[in-house]
Amino acid sequence: MKLILLGAPGAGKGTQANYLKAHFGIPQISTGDMLRAAVAAGSPLGLQAKAVMDAGQLVSDDIIIGLVKERIAQPDCAKGFLFDGFPRTIPQADALKAAGVAIDYVVEIDVPDSEIVERMSGRRVHLPSGRTYHIKFNPPKQDGVDDETGEALVQRPDDHEDTVKKRLDVYHTQTEVLVGYYSEQAKAGDRSAPKYVKVAGVGSVEGIRDSILAALGS
């Protein structure tokens with residue numbers, strides 16, 4: 001099973017990716033992980049990427065696609081793979097297609113912005129342990145303090161409401177266009193195009209998981 005998972009920050013992609021990895025026995029592949037591994041291994045593409053990053057520049061799509069092709073040729077991808085946070089743009093999606101990388105399904109986890117803002121801005125964390133709470137959905141026994149230690153909980157900068165809204169704006173501008181890109185290909189009957197599946201990302205994590213697996217025919 002070769003999958004691309006799409007959805008806004010906070011839509012629950014990470015949680016569902018863990019279920020899908022285990023169910024299909026496939027690795028989750030992110031561009032960040034690929035870059036770090038290639039740089040650490042000192043591969044030709046890794047050295048190219050390191051030189052670009054050391055210069056403070058963005059790694060080109062050509063290098064990223066090269067890393068993708070190297071990564072999916074590895075033995076743990078024999079049963080497939082799950083792309084996490086890739087492709088992010090139409091040029092990357094075009095380059096992926098031009099490179100002949102076949103994808104079975106594109107899965108979009110659809111969550112309204114208002115729900116995402118509530119989910120993320122309500123999170124509170126006990127930094128020493130990593131324990132996470134939510135002021136509405138999973139509150140601590142005493143407001144603002146960790147259940148086990150009594151130490152203060154904090155709101156991560158990324159979870160501040162204004163920051164969440166900015167991240168959603170970036171997603172809608174740069175990445176959400178991929179929803180249209182893949183759904184239009186599927187509607188047009190392009191046999192080389194992946195099947196496109198849209199699943200509501202509101203409800204229990206198990207219910208969302210079951211909806212995705214049902215849509216994938218598994």
Side-chain angles (χ1 to χ4, degrees), residues 1-46 48-49 59 61-111 175 178-179 181-201 203-218:
M1 183 63 77
K2 299 168 185 174
L3 300 171
I4 291 173
L5 204 53
L6 295 178
K13 295 190 301 298
T15 300
Q16 296 304 325
N18 284 331
Y19 284 132
L20 293 167
K21 282 192 307 180
H23 183 83
F24 292 110
I26 56 177
Q28 181 178 352
I29 300 173
S30 75
T31 48
D33 290 344
M34 280 190 304
L35 282 167
R36 283 187 288 274
V39 169
S43 71
L45 278 171
Q48 280 186 53
V59 178
D61 288 347
D62 286 346
I63 293 176
I64 294 291
I65 294 295
L67 291 171
V68 166
K69 290 174 76 174
E70 277 188 0
R71 179 66 185 87
I72 64 177
Q74 292 177 18
D76 64 336
C77 292
K79 291 182 179 178
F81 46 81
L82 175 93
F83 280 136
D84 170 21
F86 177 83
R88 287 188 186 275
T89 63
I90 297 291
Q92 286 184 349
D94 281 337
L96 192 67
K97 187 177 181 182
V101 177
I103 303 294
D104 297 314
Y105 282 92
V106 174
V107 179
E108 180 198 358
I109 301 178
D110 181 43
V111 181
T175 307
L178 290 169
V179 169
Y181 175 91
Y182 283 116
S183 60
E184 288 304 317
Q185 281 186 21
K187 283 180 192 170
D190 181 348
R191 291 191 177 184
S192 66
K195 296 184 178 74
Y196 174 78
V197 170
K198 182 175 183 174
V199 174
S204 71
V205 292
E206 294 83 7
I208 297 163
R209 173 202 64 197
D210 293 345
S211 296
I212 294 172
L213 292 176
L216 297 176
S218 179

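Atom set for the values below is all heavy atoms of this structure, side chains included, hydrogens, waters and symmetry mates excluded.
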| How close do I63 and A49 get, heavy atom to heavy atom, and via which atoms? | CG2-CB, 4.1 Å

| task | Quick one: closest heavy-atom pair of A215 and V197, and the distance? | result | CB-CG1, 3.3 Å

| field | Minimum-distance pair of heavy atoms, taken over all atoms of V106 and P194 | value | CG2-CG, 3.7 Å

| query | With a 4.5 Å heavy-atom cut-off, do I103 and F83 have their side chains touching? | reply | yes

| Within residues 208-218 or reaching into it, pairs that qualify as salt bridge (charged side-chain N to carboxylate O under 4.0 Å, His left out) - sequence neighbours excluded | none

| Non-neighbouring partners of Y182 that pass ring pair (Phe, Tyr, Trp, His ring centres under 6.0 Å), sequence neighbours left out | none

| task | Can you sort out the partners of R88 under salt bridge (charged side-chain N to carboxylate O under 4.0 Å, His left out), two or more places apart, ordered by chain and number? | result | none

| said: Any non-hydrogen side-chain atom of Y196 less than 4.5 Å from a side-chain atom of V179? | reply: yes

| said: The criterion is salt bridge (charged side-chain N to carboxylate O under 4.0 Å, His left out); which residues satisfy it with D190, sequence neighbours excluded? | reply: K97

| query | Which distance, rounded to the nearest 0.5 Å, do you find between the CD of Q74 and the CD1 of I72? | reply | 10.0 Å

| task | Could you tell me whether the side chain of F86 reaches within less than 4.5 Å of the side chain of L96, counting heavy atoms only? | result | yes

| field | Test item: I4 and E108 side chains (from C-beta on) under 4.5 Å apart, heavy atoms | value | no

| query | What's the spacing between D110 CG and K198 NZ if we round to 0.5 Å? | reply | 4.5 Å

| message | Please find the pair of heavy atoms, one from K13 and one from I109, that lie closest to each other, and give the distance. | response | CA-CD1, 4.1 Å

| message | Main chain of S43, side chain of Q48: is a donor-acceptor contact present, judged purely on distance under 3.5 Å? | response | no

| Check: L178 and I90 side chains under 4.5 Å, non-hydrogen atoms | yes

Distance-only check: which donor-acceptor pairs under 3.5 Å involve side-chain atoms of residues 20-29, not counting sequence neighbours?
from, atom 1, to, atom 2, distance (Å)
K21, NZ, N18, OD1, 3.4
H23, NE2, S218, OG, 2.5
Q28, NE2, D84, OD2, 2.9

| Mind checking whether Q185 and S192 have side chains closer than 4.5 Å, heavy atoms only? | no

| request: Any pair with a residue in residues 24-35 that passes salt bridge (charged side-chain N to carboxylate O under 4.0 Å, His left out), sequence neighbours left out, goes on the list, sorted by first then second residue, please. | output: D33-R36

| request: Please examine the side chains of T31 and V59, heavy atoms only from C-beta on, and report whether any two atoms are closer than 4.5 Å. | output: no

| Non-hydrogen atoms of G203 and I208 that approach each other most closely | O-CD1, 3.8 Å

| said: Working note: V68 + R71, criterion side-chain contact (heavy atoms from CB on, under 4.5 Å); need CA distance, chi angles, decisive distance, verdict. | reply: CA-CA 5 Å; V68 166; R71 179 66 185 87; 5.7 Å; no

| message | Once rounded to the nearest 0.5 Å, what's the spacing between atom CD of E70 and atom CG of L45? | response | 4.5 Å

| Any D94 side-chain heavy atom under 4.5 Å of Y181 side chain | yes

| remark: The reported gap from NZ in K69 to CD1 in I64 (rounded to nearest 0.5 angstrom) is 14.0 Å

| task | Would you confirm whether K195, through its side chain, and D104, through its main-chain N or O, come within 3.5 Å as a donor-acceptor pair? | result | no

| Nearest heavy-atom neighbours spanning G46 and V39 | O-CG2, 3.6 Å

